[in-house]
Amino acid sequence: MGVALRDIIAPYKHPAESQDLTGVASVDAFNALYQFLSIIRQPDGTPLMDKEGRITSHLSGIFFRTTNFLQQGIQPVWIFDGKPPELKARTIGERRAVREEAQEKWDQAKREGDTAGAFRYAMASSKLDDEVLSSARNLLDLLGIPVINAPSEGEADASNMVRTGVARYVASQDYDTLLFGAPLLVRNLTVSGKRRSHGRMVNVLPETVVLDDVLTGLNLTREELIDVAILVGTDFNEGAVGVGAKTALKKIKAGEFKEVVALKLPDIDPEPIRNFFLNPPVSGNYPIEWKKPDHDRIISFLCGDYGFSEDRINPVLEKISGRGKQRTLDSWF
DNA sequence: CGACACTA
DNA sequence: TAGTGTCGG
């Protein structure tokens, strides 16, 4: 879900120039996988599946997006979540409840012939199970994409990688990475930059958010931005009822953080939450190396194991490893 | 989501 | 060739 800071951060978002996107991108793996699982579905919400009923939506998303990135000079590193902090237990429980309810509503909508509703509930029922996670890791490995296993929140390590100069930016839809101190966040990181179907056709272009611009523009320290987030609600605490980003910002500016917490969030202790954003557990060790995509094993994995059509996969692999753009790609490996 | 076919 | 729709697994 992420923290609802969009209303105050929106003025500091910039459309990304393609040169801003080249280089090492720390991809928030869970964020990307949820996106693929949610959206890559049939109109009634049924995900892509192989003959045995295993979900393959994420494999399609990973394959086509990654091969696009490599051609465009983007070097992705995928950062996977480790063990969630105890502070996150409430959020995890809530998400499970929402997911399970969506599952039921999806079935119901399908029975009633409510296609649009079915799609919406199907999206909300998306779950990253072991099968999805391990097949995603398998495919990334075959594509030669490095993977980092965060000890805790992937967003924390992804942000730390940018802070320490290992990566140029974090690729995520969520603003939480700014709280973790990521100097540069890129949202909607896709190369096709096209539009989206289902409902309206909207142009979705990559956008960058520079943490320093946000802090300078709002005249906040990062600690204060974290306090704004705590009032709104984060993965580690429920927010104050009726307090959105703009109200929270006003309260912080007025120096009323403690008062709002005492009045509206009497059960939360802000200190461990602040501390988690400021000093999260991170790996700090990022041995990243890109390898050439393993053409034969990718075919065997996607087409042999998961029923993808060779006619769709082969041309893409030939495009990235064949003569045409080889020079560009070879310079990284 | 992203590829591809089709249309004007 | 830009816009629109459909398919993929």
With a 4.0 Å cut-off on heavy atoms, is [X] in touch with a base, just the backbone sugar-phosphate, or nothing at all?
X	value
A:T56	sugar-phosphate
A:R65	sugar-phosphate
A:Y306	sugar-phosphate
A:S57	nothing

**Message:** Count I, L, V, M, F, W, Y as connected when their side-chain heavy atoms are under 4.5 Å apart, and connections chain through other members. Are A:L185 and A:I148 then in the same cluster?
**Reply:**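 Result: no, two separate clusters.
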For [X] and [N], what is the distance between atoms [atom1] and [atom2] respectively, to the nearest whole Å?
X	N	atom1	atom2	answer
A:L302	C:dG8	CG	C1'	12 Å
A:I62	B:dA3	CD1	P	15 Å
A:L189	B:dG2	CG	C1'	14 Å
A:L59	C:dG9	CG	C1'	10 Å
A:D44	C:dC7	CG	P	13 Å
A:Q71	B:dA3	CD	C1'	13 Å
A:H58	C:dG8	NE2	P	19 Å
A:I299	C:dG9	CD1	C1'	15 Å

**Prompt:** Do A:T46 and A:D44 get their side chains close enough for a donor-acceptor pair, meaning under 3.5 Å?
**Reply:**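 Per modelled atom types, A:T46 and A:D44 side chains form a pair under 3.5 Å.
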**Message:** Side chains of A:T234 and A:N237: any donor to acceptor distance under 3.5 Å?
**Reply:**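 Result is yes, a qualifying pair exists.
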**Prompt:** Any salt bridge between A:K88 and A:E153, counting N to O under 4.0 Å?
**Reply:**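 Yes.
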**Item:** Distance test, side-chain N/O of A:S60 to OP1/OP2 of B:dG2, below 4.0 Å
**Value:**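 Answer is no, no contact under 4.0 Å.
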**Message:** When you measure from the side-chain N and O atoms of A:R312 to the phosphate of C:dG9, is any distance below 4.0 Å, counting only OP1 and OP2?
**Reply:**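 Looking at the OP1 and OP2 atoms of C:dG9, one of them is under 4.0 Å from a side-chain N or O of A:R312.
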**Asked** From C:dG9, C:dG8, B:dA3, pick the nucleotide closest to the side chain of A:N68?
**Response** B:dA3
**Message:** Please pick, from B:dG2, C:dG8, C:dG9, the nucleotide with the shortest atom-to-atom distance to any side-chain atom of A:T190.
**Reply:**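 Nearest nucleotide to the side chain: B:dG2.
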**Request:** Measure across A:V162 and A:Y169 and return the closest heavy-atom pair with its distance rounded to 0.1 Å.
**Result:** CG2-C, 3.4 Å
